Amino acid sequence: MPVTAPPGVGHLRGAEPFPAAARQALADPQLRRNLGHATATIRAKSGAVIAEMPDWEQLRAAGSAIKADVLARLPELLEQVESRVTAAGGVVHWAADATEANRIVTELVAATGSDRVIKVKSMVTQEIGLNEALESAGITPVETDLAELIVQLGEDRPSHILVPAIHRNRAEVREIFLRAMPGVDPALTDEPAVLAAAARRYLRQTFLTTPVAVSGANFAVAETGTLAVVESEGNGRMCLTLPQTLITVMGVEKVVPTWRDLEVFLQLLPRASTGERMNPYTSMWTGVTPGDGPQAFHLVLLDNGRSAVLADEVGRQALHCIRCSACLNVCPVYERTGGHAYGSVYPGPIGAVLSPQLTGIADNASLPYASSLCGACYDACPVKINIPELLVHLRDQTPHPRAEAAAMAAAAYTMDHPALYATAQRAARSSRLLGRRGRGLPPPLSGWTASRDLPEPPAETFREWWSKR
Ligand code: SF4
């Protein structure tokens, strides 16, 4: 059987179920203001540039088809990546789970003699808890993406795939910098340009003096073994080109077969994520080029539960995800709770379907319910992942309360027996007389109607209306 991501390492499991964590988040009005403003801004920007594309729907269909093809022949494509990267002077490592990936990266960094690494923003290294693993080996990881740096200095957790510090406003960022950024000017203001300049000054020296970088990857092109990282700030380009050693950790699903396929995703991703026509920085490299860029390149291919996801023919579409975060920005649940409530590095609708599959449903059983099933995520997803379908599929696998299971079994039996069904309808109508109109169901079903209106039973059933005619 395929293994799931191991407990006790990485960040895929929360300390408490979603409803409890969400309740805390909902009590924070500042958080809701920050989230509401940020998601509305990104939505508007993204919607405008998507509207410019007459073939957006065809691009989405192409992206979806390419990903389905990749998953159908993943082993073959991964072996192709390995052989091309190796031929170009890189070294490929296979990591079954987070523990193994952390060990591989830590040993590689230790072998260089460096006690510090610079990092490109990467979801997968957060997933496996790489920073903690490096720190426990005496190696300091420095996040170089501005939002990741804010999260790291604030000893915080990311709450959005694309904008990890979306829950912070500029006054909070100023406080974090004043408290934790080495050498910061005490007269720092909360002007965005001033804050960015302070981060730039701090990071520049680190870029120039650190010999090892760790990155994730947005894509790997199987036909050439080329890796691609897209970003907006240029910090990624610095990390990918300045150090002597580059270590890239990549989830196995990030492969695309050919450069032509990459063209589709490089159009979909920026418009759906940052609302840009193209990513400001698209860095690509193939192995090692003598005299240019890092002279040692290691690629760590990570499973960490992905084989288990792949084994589920419905669930596997979660592996199509290109981490654009469009589904977060349109989700009414995410917009109110923020990312921390999901407990995993993958928040929002994609987190609600990916995290439970990576960990095994028992460890994240509340997440498939963190949705109103409104379908906005499906409409927004640039690779057409049917997230509502996945949510229902996963809900089916969660353990159900005994009362709910009994009620559903009784309903199924009743609907299967016409005479009993007619009697039940008459009984429901009598509830009008019993005065339950406008009120909820009695216990133990009262939870169902605590947040839903109970439809009023009609005065006449369809069967009665029909038989009169
Ligand atoms: S599920 Fe779709 S919309 Fe959500 S982050 Fe992934 S690619 Fe983007």
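When a residue number appears, it is its place in the shown sequence, counting from 1. Remember, it's a predicted structure, so these values are computed and weren't measured experimentally. When a ligand or atom number is given, it counts from 1 through the structure's own listing order.
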Chemist: Parallel, tilted or perpendicular: which one describes the rings of F297 and W285, with boundaries at 30° and 60°?
Modeler: perpendicular

Chemist: For the residue pair N235 / K121, report whether a side-chain donor-acceptor contact shorter than 3.5 Å exists.
Modeler: no

Chemist: Just to be sure I understand the site: which N, O or S atoms from the protein are less than 2.8 Å away from atom 6 (Fe) of ligand 1?
Modeler: C321 SG

Chemist: Thinking salt bridges, do R73 and D69 make one under a 4.0 Å N-O criterion?
Modeler: yes

Chemist: Check this for me: R200, atom CZ, are more than 12 non-hydrogen atoms of other residues, nucleotides or ligands nearer than 6.0 Å?
Modeler: no

Chemist: Parallel, tilted or perpendicular: which fits the ring planes of H160 and Y334, with parallel below 30° and perpendicular above 60°?
Modeler: perpendicular

Chemist: Are R33 and E335 close enough for a salt bridge, meaning some N to O gap below 4.0 Å?
Modeler: no

